[in-house]
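Worksheet: the structure to be examined is printed underneath.
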Amino acid sequence: MDFHIRKATNSDAEAIQHVATTSWHHTYQDLIPSDVQDDFLKRFYNVETLHNRISATPFAVLEQADKVIGFANFIELEKGKSELAAFYLLPEVTQRGLGTELLEVGMTLFHVPLPMFVNVEKGNETAIHFYKAKGFVQVEEFTEDFYGYPLETIRFNLNHHAFEEELKNVYSS
C-alpha cells in the first residue's frame, strides 16, 4: 500500500472538498440530517473557504496513487494547545492504518503542540474507538446547536502520544 502524506496546497482544495463531502455523507447519514450536513459542507468546504484554511492553518493530505484520500486540519487554540479541527478519510480506505499514519505524520509535520483536543459526534463509534486507541481521553460531553440541529458531542484530549508510551515499554523491558 503506497501512500504519501504532505502539506496541503491550494491545488488540493477540490480533492479535499470531495473527501469531506463523501466522508460526511457516509459517516453521518444516521446521525445528522442530510440538509444540515449539506449546509455545513457548503460553508466550510467550498473551494474559496478551503483556500483560506489551507493558507492559514496546518493542513495535511494523505495521497495514494496521486489521489487525495484523506486529510487532517490542525489549529492552534492558544500557545501550547491545539485542536484537530478536521480529520477525514474516504470510506473505502478506512480500517487500514492510514488514519493512524495521517495523525502521527501530520502532528510531526507541523509540530502540533499537546494537549490536542478533538470533538466527536456521539454515535460516531468508529471515530470514538480510533481516538481512544490513540490515547485520547474524554474530557467533556455537551449538546451543541449545529446549524439548528441539536448535536451530542464528546470532546477528547491527547496529552501524550500513545506510540511514545509503547516505545518506552519496549525499551524498559
Side-chain angles (χ1 to χ4, degrees), residues 1-9 11-32 37 40-41 44-45 50 53-54 57-77 81-139 153-173:
M1 178 177 4
D2 191 32
F3 64 91
H4 177 70
I5 299 167
R6 62 173 173 77
K7 293 179 180 181
T9 66
S11 65
D12 295 314
E14 288 181 11
I16 291 168
Q17 180 184 50
H18 171 73
V19 170
T21 301
T22 304
S23 298
W24 264 77
H25 290 307
H26 178 265
T27 302
Y28 302 118
Q29 63 187 348
D30 296 327
L31 297 174
I32 302 172
Q37 291 181 48
F40 172 78
L41 290 165
F44 289 96
Y45 288 96
L50 283 169
R53 288 173 61 191
I54 290 166
T57 61
F59 225 113
V61 292
L62 169 65
E63 289 182 314
Q64 188 172 38
D66 294 325
K67 177 184 173 192
V68 174
I69 59 171
F71 67 90
N73 181 206
F74 305 93
I75 58 173
E76 189 168 353
L77 296 174
K81 289 184 181 178
S82 62
E83 182 164 339
L84 182 56
F87 188 79
Y88 299 104
L89 299 177
L90 289 174
E92 62 269 20
V93 300
T94 61
Q95 306 295 317
R96 297 183 188 170
L98 295 173
T100 299
E101 290 294 322
L102 178 58
L103 180 62
E104 291 175 4
V105 172
M107 289 174 66
T108 303
L109 190 63
F110 295 107
H111 309 288
V112 175
L114 296 180
M116 180 171 59
F117 296 86
V118 65
N119 290 340
V120 179
E121 289 65 42
K122 191 171 185 178
N124 184 352
E125 296 303 322
T126 301
I128 291 168
H129 175 75
F130 173 81
Y131 290 118
K132 285 182 176 181
K134 303 305 161 228
F136 284 80
V137 177
Q138 181 175 335
V139 293
T153 303
I154 302 170
R155 187 158 179 85
F156 290 92
N157 83 344
L158 178 68
N159 287 311
H160 68 282
H161 297 290
F163 61 91
E164 288 176 352
E165 282 297 315
E166 290 171 13
L167 288 176
K168 284 180 191 174
N169 291 337
V170 168
Y171 290 116
S172 65
S173 309

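All of these numbers come straight from a predicted model, not from anything done at the bench. The first residue in the sequence is number 1, and the count goes up from there. Only heavy atoms go into these numbers, but all of them, side chains included; no hydrogens, no water, no symmetry mates.
A 4.5 Å side-chain heavy-atom check between Glu83 and Arg155 finds at least one atom pair inside the cut-off. Taking the side chain as every heavy atom from C-beta outward, Asn159 and Leu114 never approach each other to under 4.5 Å. Inter-residue side-chain proximity for Thr126 and Thr94 is flagged as unmet; no heavy-atom pair is nearer than 4.5 Å. Considering only heavy atoms from C-beta on, Leu158 comes within 4.5 Å of Met107 through its side chain. Residues Lys67 and Leu90 meet the side-chain proximity criterion, which asks for heavy atoms closer than 4.5 Å. With contacts defined as side-chain heavy-atom distances shorter than 4.5 Å, the pair Gln138/Tyr131 does not qualify. You'll find the side chain of Phe74 reaches within 4.5 Å of the side chain of Leu84, heavy atoms only. Leu103 is listed as a side-chain neighbour of Met116, based on a closest heavy-atom distance under 4.5 Å.
The OG atom of Ser82 lies 6.5 Å from the CG atom of Leu77; values are rounded to the nearest 0.5 Å. Here the straight-line distance linking atom NE2 of His18 with atom CG of Asp12 works out to 13.5 Å at 0.5 Å rounding. Asn124 contributes atom CG, which lies 11.0 Å from atom CG of Asp30 (distance to the nearest 0.5 angstrom). Separation of atoms CG (Leu41) and OG1 (Thr22) is listed at 9.5 Å; rounding is to 0.5 Å. Remark: Gln37 CD to Thr21 OG1 distance equals 9.5 Å, nearest 0.5 Å. How far CD of Glu92 is from CD of Gln95: 13.0 Å, rounded to the nearest 0.5 Å.
Between Ala86 and Phe71, the shortest heavy-atom distance links the atoms CB-CE1, 3.8 Å. Across all their heavy atoms, Ala60 and Ile5 have their closest contact at CB-CG2, 4.3 Å. Residues Gly70 and Leu102 share a closest heavy-atom pair of C-CD2, 4.2 Å. Shortest non-hydrogen contact noted between Asn157 and Pro115 is ND2-CB, 4.3 Å. What you find for Gly106 and Val112 is that their closest heavy atoms are O-CG2, 4.1 Å. For Ala15 against Val68, the heavy-atom pair with the smallest separation is CB-CB, 3.7 Å.
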Hey, mind stepping through Asn73 and Thr57 against side chain to side chain donor-acceptor pair (under 3.5 Å) and telling me if it holds? CA-CA 7 Å; Asn73 181 206; Thr57 61; 2.8 Å; yes
Decide side-chain contact (heavy atoms from CB on, under 4.5 Å) for Leu62 and Glu101; before the verdict, give the C-alpha distance in whole Å, the side-chain angles of both, and the deciding distance to 0.1 Å. CA-CA 9 Å; Leu62 169 65; Glu101 290 294 322; 5.9 Å; no
Let me see the working for Phe40 and Trp24 under ring-ring contact (aromatic ring centres under 6.0 Å, His included), right down to the final yes or no. CA-CA 10 Å; Phe40 172 78; Trp24 264 77; 4.5 Å; yes
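For the ring pair (Phe, Tyr, Trp, His ring centres under 6.0 Å) with Phe130, the lone residue among Phe87, Tyr88, Phe136 that qualifies is Phe87.
Between the side chain of Arg53 and the main chain of Phe59, no donor-acceptor pair closer than 3.5 Å is present. Looking only at distances, no side-chain donor or acceptor of Glu121 sits under 3.5 Å from a matching main-chain atom of Tyr28.
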